[in-house]
Amino acid sequence: MKGKMWNTTYDLQILKVCRRIYSKSIKEIFFSLPVNNQILLCCDGASLGNPGMSGYGFVGRSSNGECIFAMAGGLGVATNYFAEVMALLCAGEWVIMNGKLEVIFRIDSRAVIAAFSSGHIPWFAITRWKKISEALMSWNFVHIYREVNFSADAIAKKGANLARGESLFFTGRPPFLHSMEVEFQPYYRFS
């Protein structure tokens with residue numbers, strides 16, 4: 001618009017029609033831990049660009065909230081979807097190697113959850129997922145918002161800075177994670 005506005009009713013009606021108003025909603029969300037025999041695996045993938053240098057990370061937690069294991073890995077140049085899938089696969093392989101056979105996978109990618117729940121698994125993951133699903137006694141996929149998955153997000157970003165094939169293992173809480181999700185504490189999502 002190059003003309004002048006004189007604050008007339010006509011001018012204000014035109015501006016009212018043209019301007020969209022976006023309202024933000026605040027959603028209160030909570031983190032929950034698994035029941036007695038289950039292991040909670042909070043998984044995430046990160047990509048510095050899409051595609052770009054990417055990595056994955058996951059945090060294994062027991063039913064009392066203790067961080068029992070965390071891992072970050074570098075993938076080289078890949079997409080964010082690939083990183084999210086690799087986070088889920090590496091977490092699944094870790095629980096099998098450590099004899100934990102009842103698992104809840106929490107991941108913030110609805111696309112990955114939909115693919116693995118419906119059986120439309122990406123071709124590069126079919127064999128690995130088949131071995132994982134045959135070995136596990138029970139597993140569940142749960143979508144979680146990024147606001148209550150910040151520990152896995154931080155580890156995945158650490159993995160994105162690693163070289164391809166390089167990985168970091170932590171028994172217990174990693175030293176760079178100053179806080180972890182707390183059960184029944186409210187977290188907020190702005191959308």
Side-chain angles (χ1 to χ4, degrees), residues 24-47 55-73 80-81 83-121 125 128-129 132-160 168-191:
K24 295 225 178 215
S25 65
I26 302 170
K27 188 185 284 189
E28 191 175 58
I29 50 180
F30 295 92
F31 177 82
S32 61
L33 292 169
V35 293
N36 291 336
N37 295 331
Q38 294 179 322
I39 297 295
L40 175 65
L41 292 170
C42 296
C43 308
D44 198 15
S47 181
Y56 64 88
F58 65 89
V59 177
R61 295 182 71 174
S62 63
S63 58
N64 63 1
E66 178 187 1
C67 178
I68 55 176
F69 189 79
M71 181 178 175
N80 192 39
Y81 180 76
E84 298 273 358
V85 170
M86 290 304 294
L88 190 128
L89 293 175
C90 291
E93 290 170 346
W94 178 84
V95 290
I96 291 170
M97 286 190 311
N98 291 286
K100 315 286 187 192
L101 302 178
E102 294 183 33
V103 179
I104 297 174
F105 293 101
R106 286 208 181 146
I107 193 163
D108 61 5
S109 172
R110 289 186 192 266
V112 171
I113 291 173
F116 279 81
S117 297
S118 66
H120 294 96
I121 301 165
R128 289 173 76 175
W129 178 248
I132 293 167
S133 61
E134 287 173 354
L136 292 176
M137 287 174 36
S138 69
W139 71 89
N140 216 359
F141 295 109
V142 177
H143 178 262
I144 190 168
Y145 290 113
R146 179 173 287 133
E147 288 79 5
V148 287
N149 198 25
F150 55 84
S151 58
D153 187 53
I155 291 176
K157 287 178 182 172
K158 186 73 100 176
L168 299 172
F169 302 95
F170 303 96
T171 53
R173 189 173 77 178
F176 60 88
L177 265 180
H178 301 292
S179 65
M180 294 188 73
E181 299 86 357
V182 178
E183 190 172 32
F184 305 123
Q185 178 181 336
Y187 295 94
Y188 298 97
R189 177 174 173 78
F190 300 93
S191 58

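Heads up: numbering here begins at 1 and tracks the sequence. Note: hydrogens, waters and symmetry copies are ignored here, and every other heavy atom, side chains too, is used.
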Novice: For the residue pair Ile155 and Pro174, establish whether any side-chain heavy-atom pair is separated by less than 4.5 Å.
Specialist: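 When only atoms from C-beta onward are counted, Pro174 and Ile155 do touch, with a gap below 4.5 Å.
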
Novice: If every non-hydrogen atom of Cys42 is compared with every non-hydrogen atom of Ala152, which pair is closest and at what distance?
Specialist: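 For Cys42 and Ala152, the tightest heavy-atom pair comes out as O-CB, 3.3 Å.
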
Novice: Which heavy atom of Leu177 sits nearest to which heavy atom of Ala154, and what is that distance?
Specialist: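 Taking Leu177 first and Ala154 second, the nearest heavy atoms are CD2-CB, 4.0 Å.
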
Novice: Taking the side chain as everything from C-beta on, heavy atoms only, tell me whether Phe58 gets closer than 4.5 Å to Leu88.
Specialist: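 Not in contact.
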
Novice: Looking only at heavy atoms, what is the nearest atom pair of His178 and Pro175, with distance?
Specialist: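 Minimum heavy-atom contact is CE1-O, 4.2 Å.
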
Novice: Among residues two or more places apart or on two chains, list those pairs meeting salt bridge (Lys or Arg N to Asp or Glu O under 4.0 Å) that have a residue in residues 171-184.
Specialist: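 Non-adjacent pairs meeting salt bridge (Lys or Arg N to Asp or Glu O under 4.0 Å): Arg61-Glu181.
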
Novice: Nearest 0.5 angstrom please: Cys43 SG to Met71 CE, how far?
Specialist: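 Result: 11.5 Å between the selected atoms.
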
Novice: So, for Cys90 and Arg128, which heavy atoms are closest and what is the spacing to 0.1 Å?
Specialist: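 Distance-wise, the nearest heavy atoms are SG-NH2, 3.9 Å.
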
Novice: Under 3.5 Å, is there a donor-acceptor pair between the side chain of Asn64 and the main chain of Glu66?
Specialist: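 Looks like yes, one N/O pair under 3.5 Å.
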
Novice: If you count every heavy atom of other residues, nucleotides or ligands that lies below 6.0 Å from Arg146 atom CZ, does the total exceed 12?
Specialist: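 12 or below, so no.
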
Novice: With distance as the sole test, does Asp153 use its side chain to make a donor-acceptor pair with the main-chain N or O of Asn149 at under 3.5 Å?
Specialist: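 Not confirmed, Asp153 side chain does not pair with Asn149 backbone.
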
Novice: Got a second to check how far Asn36's CG is from Glu102's CD, nearest 0.5 Å?
Specialist: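 One gets 10.0 Å once the value is rounded to the nearest 0.5 Å.
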
Novice: Any side-chain heavy atom of Ile113 sitting closer than 4.5 Å to one from Ile107?
Specialist: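 In contact.
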
Novice: Salt bridge (charged side-chain N to carboxylate O under 4.0 Å, His left out) with Lys158: which residues, sequence neighbours excluded?
Specialist: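 For Lys158 there are no salt bridge (charged side-chain N to carboxylate O under 4.0 Å, His left out) partners, ignoring immediate neighbours.
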
Novice: Step by step, work out the side-chain contact (heavy atoms from CB on, under 4.5 Å) result for Glu28 and Tyr187.
Specialist: CA-CA 6 Å; Glu28 191 175 58; Tyr187 295 94; over 6 Å; no

Novice: With the side chain counted from C-beta on, respond yes when Cys67 and Val59 share a heavy-atom pair under 4.5 Å apart, and no when they do not.
Specialist: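 Touching, per the 4.5 Å side-chain cut-off.
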
Novice: With a 4.5 Å limit on heavy-atom distance, are the side chains of Val95 and Leu101 in contact?
Specialist: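 They are not in contact (no side-chain heavy atoms under 4.5 Å apart), so the answer is no.
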
Novice: Could you report the tightest heavy-atom contact between Val85 and Ala125, atom names first, then the distance?
Specialist: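 Of all heavy-atom pairs spanning Val85 and Ala125, the closest is CG1-CB, 3.9 Å.
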
Novice: Keeping Tyr81 on the side-chain end and Ser109 on the backbone end, is there a donor-acceptor pair under 3.5 Å?
Specialist: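 Flag not set: sc Tyr81 to bb Ser109 has no pair under 3.5 Å.
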
Novice: Students often mix this up, so state it plainly: with edges at 30° and 60°, are the rings of Phe69 and Phe169 parallel, tilted or perpendicular?
Specialist: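 The rings of Phe69 and Phe169 sit tilted, inter-plane angle from 30° to 60°.
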
Novice: Applying ring pair (Phe, Tyr, Trp, His ring centres under 6.0 Å), can you list everything that pairs with Tyr188, at least two apart in sequence or on another chain?
Specialist: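 Scan of Tyr188 (ring pair (Phe, Tyr, Trp, His ring centres under 6.0 Å), adjacent residues dropped) gives none.
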
Novice: Are the ring centres of Trp129 and Phe141 closer than 6.0 Å?
Specialist: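 Judged by ring-centre distance (under 6.0 Å), Trp129 and Phe141 do meet the cut-off.
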
Novice: Start with the C-alpha gap between Asp108 and Glu84, add the side-chain angles, then the distance that decides, and say whether side-chain contact (heavy atoms from CB on, under 4.5 Å) holds.
Specialist: CA-CA 9 Å; Asp108 61 5; Glu84 298 273 358; 3.3 Å; yes

Novice: Between His143 and Tyr145 (judged by ring centroids, cut-off 6.0 Å), do the two rings come close enough to count as a pair?
Specialist: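 Yes, they do, as the ring centres are separated by less than 6.0 Å.
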
Novice: Could you give the distance from CD1 (Ile39) to OG (Ser63), rounded to the nearest 0.5 Å?
Specialist: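 OG of Ser63 is found 7.5 Å from CD1 of Ile39.
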
Novice: Side chains of Lys100 and Ser62: does their closest heavy-atom pair fall under 4.5 Å?
Specialist: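 Heavy-atom side-chain distance check fails, nothing below 4.5 Å.
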
Novice: Check the surroundings of atom CZ in Phe184: do more than 12 heavy atoms from other residues, nucleotides or ligands lie under 6.0 Å from it?
Specialist: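 Counting neighbours around CZ of Phe184, 12 or fewer heavy atoms of other residues, nucleotides or ligands fall under 6.0 Å, so no.
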
Novice: What distance do Ser191 atom OG and Lys24 atom NZ have between them, rounded to the nearest 0.5 Å?
Specialist: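 That separation rounds to 8.5 Å.
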
Novice: Is the Phe105-Trp139 ring centre distance short of 6.0 angstrom?
Specialist: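 They do not qualify: ring centres at least 6.0 Å apart.
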
Novice: Side chains of Asn140 and Val103: closer than 4.5 Å at any heavy-atom pair?
Specialist: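 Asn140 does not reach Val103 side chain to side chain.
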
Novice: Taking all atoms of both residues into account, what is the closest heavy-atom pair of Met180 and Phe150, and its distance?
Specialist: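 Looking at all heavy atoms of both residues, the closest pair is C-CZ, 3.6 Å.
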
Novice: Hey, does Leu40 have a side-chain heavy atom less than 4.5 Å from the side chain of Gln38?
Specialist: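 Of all side-chain heavy-atom pairs linking Leu40 with Gln38, none is under 4.5 Å.
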
